[in-house]
Chemist: 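I am attaching a structure below and will ask some questions about it afterwards.
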Amino acid sequence: MDISGKSYKAFLKRQEALQKQYSEKQAEKQHAKGKLTARERIRLLFDQGTFEEIDAFVTPADQPVEFGKVERTYGDGVIVGHGKVNGRLIFAFAQDFTIMGGSLGVVHAKKIAKIQEMALKMGCPIIGMMDSGGARIQEGVASLSGYASIFHNIIQSSGIIPQISVIMGPAAGGAVYSPALTDFVFMVNNTSYMFVTGPNVVKEVLNEDVTFDELGGAETHARKSGVAHMIYDDEENTIMALKKFLTYLPSNNVENPPVVQDDNSTPEINEKLRDIVPDDPNKAYDVKDVINLIVDKNSFYETAELFAPNLVTGLARLKGKTIGVVANQPKVLAGVLDIDSSTKGARFIRFCDAFNIPILTLEDVPGFLPGVDQEHAGIIRHGAKLLFAYSEATVPRITIILRKAYGGAFIVMNSKSLGGDFSFAWPTAEIAVMGPDGAVAILYRKELAESSNPAELKKELVKKYRDKIANPFIADESGYIDEVIDPAVTRKKIISALNALSNKWVKVPARKHGNMPL
Ligand code: HXC
């Protein structure tokens, strides 16, 4: 090729124009808000030199604009492409707020849809980094339709490839449903927010004053709504955490998660596990201490840490292989199951099941949370989701009953009759229809009422109930659990159970889909 020729010069001119588009001034504007530019985000995410951009030179839709203006820029406000993250192929898009507020016009939408379809075809995870004012107002219904095609693609890919959203600026209006439909949502503290209607509309319609952050900031969504699963203080830490998170996941639903070399630093047998659960059943402890002594050292990656902390969920590794952990947390609300923890658990279990991640359940749960609020808000409907999710999961499922396993909660938390593969109990386990106090109050109401010393009688009966009923040995002897084990050997037991289940195969009945109680 003649590099002094006309066509080569035209080629260079376009390249130059593209470079110029990303000015220092725009970058400074982003930086002043504590945000990075779309290109800087892409650079942080991908292994050096591996990102290949697609459609860098497309221009916005050529349609008459009679209201506002559409900037004639290259790329239409979004960078899309593929590259390697930790050596594995990933597709990604990053919205560029410096171009028309990252708003989604038709061409912008088509670019995202194009790589969504490619990611699905190649069986690769897709990451969306969002920083956008939503549907481009000037492009009207065409931009709404663009969103619809993006939503449709996410739903088509759901359960086939991991889809992760990272909110790095505004996500407003119907646009919020794009991240909400994906598997995990990361948000950045102070600079990202998500809401269906913003503070101004809230003020207009309801006359309520609320700040952007209170209404839809990272902390709000991580703690209250459960929309955000992971939040970090700045964009760099968010992207680093996302890269780590990806190491646990397979690229698609027909692969197994990647196996890393275990450094064997977690002892197979650990006597410290004998001392965590207090003898007093009313005393709390931190179930994360149990998790961390069982899984490979430093491998526990907690998801949705701030939302419904009475149920702990997260990914971890056992001998280098990814597992999902679901654990009641006695430190928060005594580990009770309520609406939020039920939906949190159900969604996590379905994610693990979709992506071939075995589930380890650590159980210490006094039951479902009683109360008018919970009943009226639908604890029946939401608790049923957890039941449904466990029961339909076909990945290996192992339960360790650490202490309380009462009533419906015993059944829900992956009991064997619900299809759990292995169920082990520690000697501290209390398995029964209900806790001793409730059982004694019902069965001995008359005797207690007539007793001259009801407190003493109750104490005696509670002890008897614990000895005769609320212990793990009856369940062990009748086969409802597989074995009462020494807590010290828990890791070893789980590893051999998972080995035994490595070729687990379950035939599921042919149907369009089940009808989960949503
Ligand atoms: C076109 C937009 C835009 C939009 C922002 N811009 N949002 N252009 N369509 N939706 C442009 C602004 O005009 C401005 O252009 C530039 O982007 C930066 O915006 P600012 O307002 O200056 O930035 P900031 O003060 O940081 O405020 C950001 C913002 C605000 C809070 C996001 O721009 C805003 O409220 N935008 C509208 C949000 C919204 O309601 N979107 C529609 C949602 S409905 P200049 O030229 O001045 O730099 C939706 C439907 C989806 O998305 C349906 C799916 C089913």
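In each ligand, atom 1 is the first atom listed, and ligand 1 is the first ligand listed.
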Chemist: Going by heavy atoms in the side chains, are F348 and V326 under 4.5 Å from each other?
Modeler: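 Yes - at least one pair of side-chain heavy atoms lies under 4.5 Å apart.
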
Chemist: Measure from atom 52 (O) of ligand 1 to the protein's non-hydrogen atoms and state whether any distance is below 4.0 Å.
Modeler: yes

Chemist: Go through the side-chain N and O atoms of Y390 and T361 and say whether any donor and acceptor fall under 3.5 Å apart.
Modeler: yes

Chemist: Considering only heavy atoms from C-beta outward, does the side chain of V188 approach that of I231 to under 4.5 Å?
Modeler: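 No, side chains not in contact.
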
Chemist: Quick one: look up the protein heavy atom nearest atom 2 (C) of ligand 1 and list residue, atom name and how far away it is.
Modeler: M100 O, 3.8 Å

Chemist: So F245 and Y301, would you call those rings parallel, tilted or perpendicular, with 30° and 60° as cut-offs?
Modeler: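 Ring orientation, 0 to 90° scale: tilted.
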
Chemist: Report the part of A135 in contact with ligand 1, treating N, CA, C, O as backbone and CB onward as side chain, heavy atoms under 4.0 Å; options are side chain, backbone, both, neither.
Modeler: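 The answer is both.
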
Chemist: Taking 4.0 angstrom as the limit and counting only heavy atoms of P170, give me the atoms of ligand 1 inside it, by number and element.
Modeler: 32 (C)

Chemist: Distance to the ring centre below 6.0 angstrom and angle to the axis at most 45 degrees; does that hold for R39 and Y22?
Modeler: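 Flagged: R39 positioned over aromatic ring of Y22.
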
Chemist: May I ask you to identify the nearest protein heavy atom to atom 16 (C) of ligand 1, giving residue, atom name and distance to one decimal place in Å?
Modeler: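 Closest protein heavy atom to atom 16 (C) of ligand 1: G101 N, 3.8 Å.
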
Chemist: Atom 7 (N) of ligand 1: protein heavy atom closer than 4.0 Å?
Modeler: yes

Chemist: Do other residues, nucleotides or ligands put more than 12 heavy atoms under 6.0 Å from the NE2 atom of H152?
Modeler: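 Counting other residues, nucleotides and ligands, NE2 of H152 stays at 12 neighbours or fewer.
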
Chemist: Specify whether the nearest protein heavy atom to atom 23 (O) of ligand 1 is under 4.0 angstrom away.
Modeler: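 Yes; the ligand atom in question has protein heavy-atom contact below 4.0 Å.
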
Chemist: Would atom 30 (C) of ligand 1 count as contacted, meaning some protein heavy atom under 4.0 Å?
Modeler: no

Chemist: Considering the heavy atoms of L144, write down every atom of ligand 1 situated less than 4.0 Å from one of them.
Modeler: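 So the answer, numbered in order with elements, is 50 (C), 53 (C).
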
Chemist: Quick check on contacts: which atoms of ligand 1 are under 4.0 angstrom from a heavy atom of A172?
Modeler: 43 (C), 52 (O)

Chemist: Could you tell me whether the side chains of S299 and R317 share a donor-acceptor contact shorter than 3.5 Å?
Modeler: no

Chemist: I want to confirm something. Looking only at heavy atoms, which of G134, G133, G77 is nearest to atom 41 (N) of ligand 1?
Modeler: G133

Chemist: Given the rule in the salt bridge (Lys or Arg N to Asp or Glu O under 4.0 Å) test, do R136 and D76 qualify, once you have shown the distances and angles that lead to the verdict?
Modeler: CA-CA 11 Å; R136 187 171 299 153; D76 203 15; 2.9 Å; yes

Chemist: Nearest heavy atom to atom 55 (C) of ligand 1 wins, so pick from F195, Y177, F151, Y193.
Modeler: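 Minimum heavy-atom distance to atom 55 (C) of ligand 1 goes to F151.
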
Chemist: I'd like to check atom 14 (C) of ligand 1 in this structure: does the protein have a heavy atom lying under 4.0 Å from it?
Modeler: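 Under the 4.0 Å cut-off, atom 14 (C) of ligand 1 has no protein heavy-atom neighbours at all.
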
Chemist: Of all the non-hydrogen atoms in the protein, which one sits nearest to atom 9 (N) of ligand 1, and at what distance?
Modeler: I137 N, 3.1 Å

Chemist: Would K35 count as a cation-pi partner of F97, with NZ or CZ less than 6.0 Å from the six-membered ring centre and within 45° of the ring normal?
Modeler: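 Satisfied, under 6.0 Å and within 45°.
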
Chemist: Among protein heavy atoms, which lies nearest atom 3 (C) of ligand 1, and at what distance?
Modeler: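 For this ligand atom, the closest protein heavy atom is S103 CB, 3.9 Å.
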
Chemist: Can you label the angle between the F186 ring and the Y232 ring as parallel, tilted or perpendicular, going by 30° and 60°?
Modeler: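 Ring orientation, 0 to 90° scale: parallel.
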
Chemist: Which of the numbered atoms in ligand 1 are below 4.0 angstrom from a heavy atom of K33?
Modeler: 26 (O)

Chemist: Do the side chains of E53 and I79 get nearer than 4.5 Å, heavy atoms only?
Modeler: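 In short, these two side chains touch, coming nearer than 4.5 Å.
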
Chemist: Which ligand 1 atoms, with their elements, are less than 4.0 angstrom from a heavy-atom of R136?
Modeler: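 Answer, ordered by atom number: 1 (C), 9 (N).
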
Chemist: Under 4.0 Å from atom 46 (O) of ligand 1, is there at least one protein heavy atom?
Modeler: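 Yes; the ligand atom in question has protein heavy-atom contact below 4.0 Å.
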
Chemist: Do D233 and N189 get their side chains close enough for a donor-acceptor pair, meaning under 3.5 Å?
Modeler: yes

Chemist: Could you check whether any side-chain heavy atom of C124 comes within less than 4.5 Å of a side-chain heavy atom of H82, counting everything from C-beta outward?
Modeler: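 C124 does not reach H82 side chain to side chain.
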
Chemist: May I ask whether atom 34 (C) of ligand 1 is less than 4.0 Å from at least one protein heavy atom?
Modeler: no

Chemist: Quick one: look up the protein heavy atom nearest atom 1 (C) of ligand 1 and list residue, atom name and how far away it is.
Modeler: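 Scanning the protein heavy atoms, the shortest distance from atom 1 (C) of ligand 1 goes to Q138 OE1, 3.1 Å.
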
Chemist: Starting from atom 28 (C) of ligand 1, which protein heavy atom do you reach first, and at what distance in Å?
Modeler: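 Here the closest protein heavy atom is F97 CZ, 3.8 Å.
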
